[in-house]
Participant: 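The structure under discussion is supplied below as structure tokens; questions concerning it will follow.
Since we're looking at a predicted model, the values are computed, not measured. Order of the sequence lines sets the chain letters (A, B, ...), proteins ahead of strands, with each chain counted from 1.
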There are 2 protein chains.
Amino acid sequence: MADAGEFTIENRPPANATHEAAAIARPKVAVDTVLFAVGGRGLECYLLQLASGPNAGKWAFAGGLVRVGETLDGAARRALRDASALTDAYLEQLFSFGDPSRDPTSHVVSVAYMALIDNPKRVGAASAKYSGGRWFAAGDLPELAYDHSLMAGYAVARLRAKLEYTNIACALLPPSFTFAELEEVYAAVLERPLDRRNFRRRIMAMDLLRRTPEQRRGAHRPAALYAFKHRSVRAIQML
Amino acid sequence: MADAGEFTIENRPPANATHEAAAIARPKVAVDTVLFAVGGRGLECYLLQLASGPNAGKWAFAGGLVRVGETLDGAARRALRDASALTDAYLEQLFSFGDPSRDPTSHVVSVAYMALIDNPKRVGAASAKYSGGRWFAAGDLPELAYDHSLMAGYAVARLRAKLEYTNIACALLPPSFTFAELEEVYAAVLERPLDRRNFRRRIMAMDLLRRTPEQRRGAHRPAALYAFKHRSVRAIQML
DNA sequence: CCAAAAGTGTTGAGTATACACCCATGA
DNA sequence: TCATGGGTGTATACTCAACACTTTTGG
């Protein structure tokens, strides 16, 4: 029930139950954000190198402590902005990790988020907390700080699952795109090739897309451009 | 990255970064546990009446603050034990709720859990934090404290979804049971009747059950008793 | 006219659904 | 013997996967 004003026998404040500052030590709350985009190497994941602390030099996801008065989504958005200058990523809460030993410094409960953007090139400079950042193939991440490898696993699993029953792909694509580009996103995330005809039929049956009047002209036959009918992520009604 | 030893410009400790106790105010972490069982009225949900605090008299789920050194699962288990004397429920983390206004007393981030037991009669006495507890039909809950109505919605949705692709029903059933009882659990959670023949075929195809040598004898034809091959919850491989 | 990517249908297998009667037992 | 819940099979509709050729353009 999450009420700071009530205490069980085993969970009693020092003496003065009404004085907040007198509270006993509590775990802190942080957020960590697993950022994905589809790039040249398929599904890619953005990592930052920690500049200081006991994990200095190790790779990690964008994260930070949650402040009083801040929502979790807000904290995740701020952590992502500080680490990559992104302000408009799709964000979705994944899972909370609370093992007391996950951070050797102190007990920090971390709420993991997944973030999606349509183009890996859109990431910008990181704050001084990080000494650098770069994209890695999602299937081939280096050793990560804290329990961030665990988080990465959760994130990939969630993304894969939601691709099948939501329009989440819209967060990995620009406003308009060709069918081939859409298929590329699915193939990258699912890590398997898809049959072009069956894929087109399946997507069309979901009634997610709107054909735009424009075409993409390139070296060969022009491709029709499509856009998602709804840019907000929602479950697909399967009859 | 959840590192208490690192700070951005906007997130700096007062003066002495190495001294933990000097840290600025942070949100607290709690857990709340949505307990389900299948009973006479279908899917039922256990609520506790808060004994004190600003929400005294309101119904809520079992919950409490997480302690330093405690895992989230451990805290959920403790909250459930304090509220209902249950020690062996199936527990699964659902989602974290962090809106600063969800608890008017202070900023508390709550990690919601779902708990399942095989029989509503197994709940025991609650700690002094609660003035009482009882089961409600899951589809007809009273007004709840905090954001617990939201949590209830998440919990029911998760349970319904997992019934379809995991063996989670094993947590809602005793070690052995008849096919009719299994069907009853599914019908109660999904809130729709199932065709007995199709249901049996589907379950059998999943290869989850083991037929026990015993029979249940009652007023009529005896029923074969089944048990789950695996009592731990796992996803079902759908070919 | 050639290279390269875009676009399009059909068939067969397997899966899901609808549906009704006999069986075994205790009272 | 009857009332009650336990247990079983089939026919049909639908969904999903496999599969190859034609079209359009730029160079």
Participant: Encode nucleotides 3-10 of chain C as B, S and - characters from 5' to 3', where the letter depends on protein heavy atoms closer than 4.0 Å: B to the base, S only to sugar-phosphate, - to neither.
Facilitator: BBBBBBBB

Participant: Once you measure the plane-to-plane angle for B:Phe228 and B:Phe177, does it fall in the parallel (<30°), tilted (30-60°) or perpendicular (>60°) bin?
Facilitator: tilted

Participant: Is any side-chain heavy atom of A:Glu143 closer than 4.5 Å to a side-chain heavy atom of A:His148?
Facilitator: no

Participant: Would B:Tyr146 and B:Phe61 count as a side-chain contact (heavy atoms from CB on, under 4.5 Å) if you check the C-alpha gap in whole Å, the side-chain angles of each, and the deciding distance to 0.1 Å?
Facilitator: CA-CA 10 Å; B:Tyr146 312 106; B:Phe61 298 117; over 6 Å; no

Participant: Strictly below 4.0 Å, heavy-atom distances to any atom of DNA chain D: list the hits from residues 181-194 of chain A, or just say none.
Facilitator: none

Participant: Hey, can you pull the donor-acceptor pairs under 3.5 Å for the side chains in residues 113-125 of chain B, sequence neighbours left out?
Facilitator:
{"residue": "B:Tyr113", "atom": "OH", "partner": "B:Asp73", "partner atom": "N", "Å": "3.2"}
{"residue": "B:Tyr113", "atom": "OH", "partner": "B:Asp73", "partner atom": "OD1", "Å": "2.5"}
{"residue": "B:Asp118", "atom": "OD1", "partner": "B:Arg122", "partner atom": "NH1", "Å": "3.1"}
{"residue": "B:Asn119", "atom": "OD1", "partner": "B:Lys121", "partner atom": "N", "Å": "2.9"}
{"residue": "B:Arg122", "atom": "NH2", "partner": "B:Asp88", "partner atom": "OD1", "Å": "2.4"}
{"residue": "B:Arg122", "atom": "NH2", "partner": "B:Asp88", "partner atom": "OD2", "Å": "2.9"}

Participant: Run B:Tyr130 and B:Gln49 through side-chain contact (heavy atoms from CB on, under 4.5 Å) and show every step you take.
Facilitator: CA-CA 5 Å; B:Tyr130 306 104; B:Gln49 202 156 27; 5.9 Å; no

Participant: Using heavy-atom distances to pick each residue's nearest nucleotide on DNA chain D, tell me which of A:Gln215 and A:Arg202 is more 5'.
Facilitator: A:Arg202

Participant: Please verify the inter-ring angle class for B:Phe95 with B:Tyr154; under 30° counts as parallel, over 60° as perpendicular, anything in between as tilted.
Facilitator: tilted

Participant: Do B:Tyr90 and B:Leu172 touch side chain to side chain, with heavy atoms closer than 4.5 Å?
Facilitator: no

Participant: Does the side chain of A:Ser96 come under 3.5 Å of the side chain of B:Ser96 through a donor N or O and an acceptor N or O?
Facilitator: yes

